[in-house]
Amino acid sequence: MSEIRVRFAPSPTGYLHIGGVRTALYNYLFAKKNNGKFLLRIEDTDQNRFVEGAEEYIYEALRWCGLEPDESPEKGGPFAPYRQSERRNIYDKYIAEILTTDYAYVAFDTPEELEKLRADYESEGKVFSYNHEIRNSLNNSLSLSPEEVKQKIADKVPYVIRFKTPSHRTLVLSDLIRGNFIIDTSTLDDKVLVKTDGMPTYHFANIVDDHTMEITHVIRGEEWLPSLALHVLLYEAFGWQAPEFAHLPLILKPEGKGKLSKRDGDKSGFPVFPLAWKNEKEGTSSIGYREEGYLPQAFVNMLALLGWSPSDDKEILSLDEMIKEFDLGKVHKSGARFNPEKALWFNHEYILKTDSSELLPSFRQIIEKKGMEFDEQKSVRIIGLLKERVNFVKEIWEIGSFFWIAPSSYNEKNYKKIIKEDSRDILSQLRSGLQLVEFTEKSIHDYIHEFVEKSGLGFGKVMQPLRLALVGELKGPDIPVIMEILGKEESLQRIRNLESEI
């Protein structure tokens, strides 16, 4: 068997939706599972819809996800160039070749002529289709003499090249996910292969590129299923062996009806793009998983299970485990409903399983942005203490800012509930004793327990005012841990601050 070669071929006409990232991921997993090659090809034949910065966004998104292509416009490779706008000479060769077959013809129909035909059909309650039934009567090389065709081309009359779809054939199409199905070619229209500017359409360039880059498997979204018959027929027209095809299910809205879109994310406040982006031209922007604080491993893991199930239904898998497990036969046929809460769950699980030191770079950015002095040892300890309570690293600051900033006020409800006439005296006695204690977690723990036991006050009477003094409200990890991290001077000063408030 020849080397497995797959490609991810996005168009830089917009920013990369998570559905596109999942397509890239499945291609990557399939290639690596089979010791093959994963290619990135930029399909930029539609220059009218080109979006500035979209190509760079694609590269950055794949890098963030850890999906490094073996061949790409950036990296190069044996089948370069990997950007369609740079492959015009290759397309010209195959355009000339297909025109020597019975599978293509030149069409001179003007937009006005075609629009009139559509209007005439609509007036009779019909739908116009440029197909085998009417093509021989239209303004093209099938109805014109060779001399007329040659003269029109010489006169620079605009024309397109259309595919001449075989009529009355039963086409058996095969899909690695969906099995076999049958298409009657008479239901197909004659698609444009080459536009009036001489540039190939997506369909033509796609087939030529896949063949010349020796792609063995085309793994793409199910929105391309209607194009499968044309693509198979194009391979036939050139006498080429078609690759195997696999069409992935849609990622659906959270409620399950319809394809997940940018609008769904904007409306409900969850990302549908891997990275944040801003379209200066349109004045629009969208949040991204990276900027929201998702770990790339969590994002990729979540995405992998939107449409595929590993053998034991295991949910937490590393990229290497996904590669080992991946099987196109286990990809679902039906759409996968996106669940924003599940995405949060994945990030929480990955924060838990990630060593606290590995979360330091993200946390450091947060600390320094807040204008606080960064202490690596202190930060690692705080991350370890609080990460089980958060879904994002940024939330560690939100629930643990008291480690850096002393309370300037106290939770009013907590204060009224726990501060009594004797609270000031209790805190003063506690502080006096703590001044003599070695400030380790164990020593602080032992002293407080001894103080409570000897005073006969009960833990609530002592611990709650103490926690309020240290934190400003009744939350946070164990008090001895908080005090050890804060240090003796800071801890005693916070107790003194609350005493002065009572």
Side-chain angles (χ1 to χ4, degrees), residues 5-14 17 19-20 22-24 26-27 30 39 41-46 48-49 84 87 91 94-95 98 101 103-105 107 127-132 135 160-167 169-195 199-213 215-251 259 307 328 331 333-335:
R5 291 176 59 81
V6 300
R7 50 58 169 189
F8 175 53
S11 298
T13 54
H17 182 278
R22 189 194 61 176
T23 298
Y26 284 9
N27 274 279
F30 183 77
L39 285 65
R41 184 172 73 226
I42 300 298
E43 300 200 333
D44 59 347
T45 55
D46 191 351
N48 293 326
R49 294 176 58 220
Q84 285 187 337
R87 294 172 63 81
Y91 304 136
Y94 290 106
I95 289 167
I98 201 168
T101 72
Y103 284 92
Y105 59 95
V127 177
F128 170 72
S129 179
Y130 203 124
N131 60 17
H132 71 282
R135 61 191 173 206
V160 299
I161 297 172
R162 288 184 178 271
F163 186 67
K164 186 181 175 186
T165 308
S167 59
R169 273 184 55 188
T170 298
L171 204 61
V172 179
L173 302 175
S174 180
D175 185 280
L176 293 171
I177 295 170
R178 298 158 195 280
N180 294 343
F181 51 100
I182 294 170
I183 292 286
D184 178 355
T185 60
S186 295
T187 64
L188 307 175
D189 61 346
D190 290 358
K191 295 291 186 192
V192 173
L193 301 180
V194 182
K195 295 173 281 188
M199 280 298 286
T201 60
Y202 166 82
H203 300 292
F204 189 84
N206 179 276
I207 294 306
V208 169
D209 289 341
D210 283 348
H211 173 73
T212 56
M213 293 180 181
I215 299 302
T216 60
H217 294 76
V218 173
I219 304 168
R220 59 190 181 183
E222 72 171 44
E223 62 268 26
W224 294 110
L225 260 176
S227 303
L228 180 57
L230 171 61
H231 293 176
V232 168
L233 287 169
L234 274 167
Y235 277 100
E236 178 185 292
F238 281 111
W240 297 337
Q241 175 67 44
E244 294 193 69
F245 292 90
H247 291 85
L248 308 175
L250 293 175
I251 298 179
K259 183 180 178 181
L328 281 173
V331 173
K333 295 182 179 68
S334 56

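Below 30°, between 30° and 60°, or above 60°: for Y94 and H211 the angle between ring planes is above 60°, a perpendicular geometry. The aromatic rings of F238 and W240 sit parallel, their planes meeting at an angle under 30°, below the 60° perpendicular limit.
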I161 vs F204, test: side-chain contact (heavy atoms from CB on, under 4.5 Å). Steps then yes/no. CA-CA 10 Å; I161 297 172; F204 189 84; over 6 Å; no
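Residues passing the salt bridge (Lys or Arg N to Asp or Glu O under 4.0 Å) test with D189, sequence neighbours excluded: K191. In this view, S174 and N180 satisfy the side chain to side chain donor-acceptor pair (under 3.5 Å) rule, not counting sequence neighbours. In terms of the salt bridge (Lys or Arg N to Asp or Glu O under 4.0 Å) criterion, R220 has no residue partners (sequence neighbours excluded). Residues that satisfy the salt bridge (Lys or Arg N to Asp or Glu O under 4.0 Å) test with D209, not counting sequence neighbours, are R41, R87. Every residue was checked against the ring-ring contact (aromatic ring centres under 6.0 Å, His included) condition with F8, not counting sequence neighbours, and none meets it.
Here the side chains of S186 and S167 are in contact, with some heavy-atom distance below 4.5 Å. With contacts defined as side-chain heavy-atom distances shorter than 4.5 Å, the pair Y235/Q241 does not qualify. Proximity of H203 to F163: side-chain heavy atoms (C-beta onward) are nowhere separated by under 4.5 Å. With a 4.5 Å cut-off on side-chain heavy atoms, L230 and L188 do not count as touching. Side-chain contact between N131 and T165 is absent, with no heavy atoms from C-beta onward closer than 4.5 Å. Using a 4.5 Å heavy-atom threshold, the side chains of N206 and V218 count as separate. The shortest distance between side-chain heavy atoms of R7 and N27 does not fall below 4.5 Å.
Interatomic distance, I207 CD1 to D210 CG, rounded to the nearest 0.5 Å: 6.0 Å. Atom CG of L176 and atom CD of E244 lie 4.5 Å apart (nearest 0.5 Å). Note: I177 CD1 to L248 CG = 5.0 Å, rounded to the nearest 0.5 Å. Interatomic distance, F245 CZ to D175 CG, rounded to the nearest 0.5 Å: 9.5 Å.
A donor-acceptor pair under 3.5 Å links the side-chain atoms of T201 to the main chain of L193, judged by distance alone. A donor-acceptor pair is defined here as one N or O able to donate and one able to accept, closer than 3.5 Å; such a pair exists between the side chain of R162 and the backbone of D190. Of the possible donor and acceptor atoms, none in the side chain of S11 sits under 3.5 Å from a partner among the backbone N and O of T13. Counting only distance, with no hydrogens or angles, the side chain of T216 and the backbone of R5 share a donor-acceptor pair below 3.5 Å.
Shown here for H217 and V6, the closest heavy-atom pair between the two residues is O-CG1, 3.6 Å.
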Side chains of residues 221-229: which donor-acceptor pairs under 3.5 Å do they make with residues two or more places apart or in other chains?
residue, atom, partner, partner atom, Å
E222, OE1, R178, NH2, 3.0

